[in-house]
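Reviewing the structure listed below.
When a ligand or atom number is given, it counts from 1 through the structure's own listing order. Owing to the predicted nature of the structure, the values given are computational and were not obtained by experimental measurement.
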Amino acid sequence: DEVRDLGEDIDLDPTERHSIEVYVDRLKHKEGIRGRVADSIETAAELSGGLVRILPLDGEALEFSQHYAELEHGLTYPEITPSLFSFNSPEGACPRCGGLGRRRVVDPARLVPDEGKPLRDAIAPWVGGLRGGGRAALGKTLARVAKALGVSLTTPWRELPAEARVTLMEGSGEPAVAEARFEGARPWVERRIAEAEAKAERRAEDDDAPAGLEELLAYTEERTCDACEGQRLRLEARMVRVGG
Ligand SMILES: [Zn+2]
């Protein structure tokens, strides 16, 4: 560390990273000093863009930020307002679950309710005859993927290699698996639910629910949101502690 006077010419090596601090004021604690402390902190914050460090003669340096930053981790916080602490406000709600504390997830065990069934009939949403589900096309896709994975459509689900089951469930972005990207059963159900819900929102309230939505929702279950652990608030709000 080096202390330089601003009256000097200062050359900085542009290839190196520098941390530049400006020494603003030196104060002795006594009565009637508040105004000057406030002025000095304001000056320091203006020069630095919001970061102020106070060095007591004894004890550790105190750091302050106008941006509600976690200084050690470089995380900048949103402005701390009452709405940050409300899961009913967009500022405060956990972005993952929308402030509900619970999330609907597709349950793999429901997608394959009977592991003894042959692959051809194992994945329930692709067998159950969803209206408009394009069952014939799905059957062709399944045959193509099974061939690429080197498994038979007549093999019971539980006897398939683990890797094949993961690919069937989660899909594959690699064309090598099936000549084209293959959407697994879980993302397939998620997409169909999102599509059905978007469609339902566009319809008048007295209309029937779109075909298939109820059937699709049967493959899901509600779980505690893993992002907020059910607390409904966004991470930043949960990290703020008032009075320790
Ligand atoms: Zn959440």
Below 4.0 angstrom, N of the basic side chain to O of the carboxylate: do Arg191 and Glu195 qualify? yes
List the residues meeting side chain to side chain contact (heavy atoms under 4.5 Å, CB included) with Pro161, not counting sequence neighbours, and say none if there are none. Val151, Ala164
State whether Arg186 and Glu170 are salt-bridged, where the test is any N-O pair (Lys NZ or Arg NE/NH1/NH2 against Asp/Glu carboxylate O) under 4.0 Å. yes
Less than 4.0 angstrom from a charged side-chain N to a carboxylate O is my criterion; do Arg104 and Glu221 meet it? no
Is any protein N, O or S atom closer than 2.8 Å to the Zn ion (ligand 1), and if so, which? Cys94 SG, Cys97 SG, Cys225 SG, Cys228 SG
Side chain to side chain contact (heavy atoms under 4.5 Å, CB included) filter on Thr224, not counting sequence neighbours, yields Arg102
Other members of the hydrophobic cluster containing Phe87, with the 4.5 Å side-chain heavy-atom rule, please. Leu233
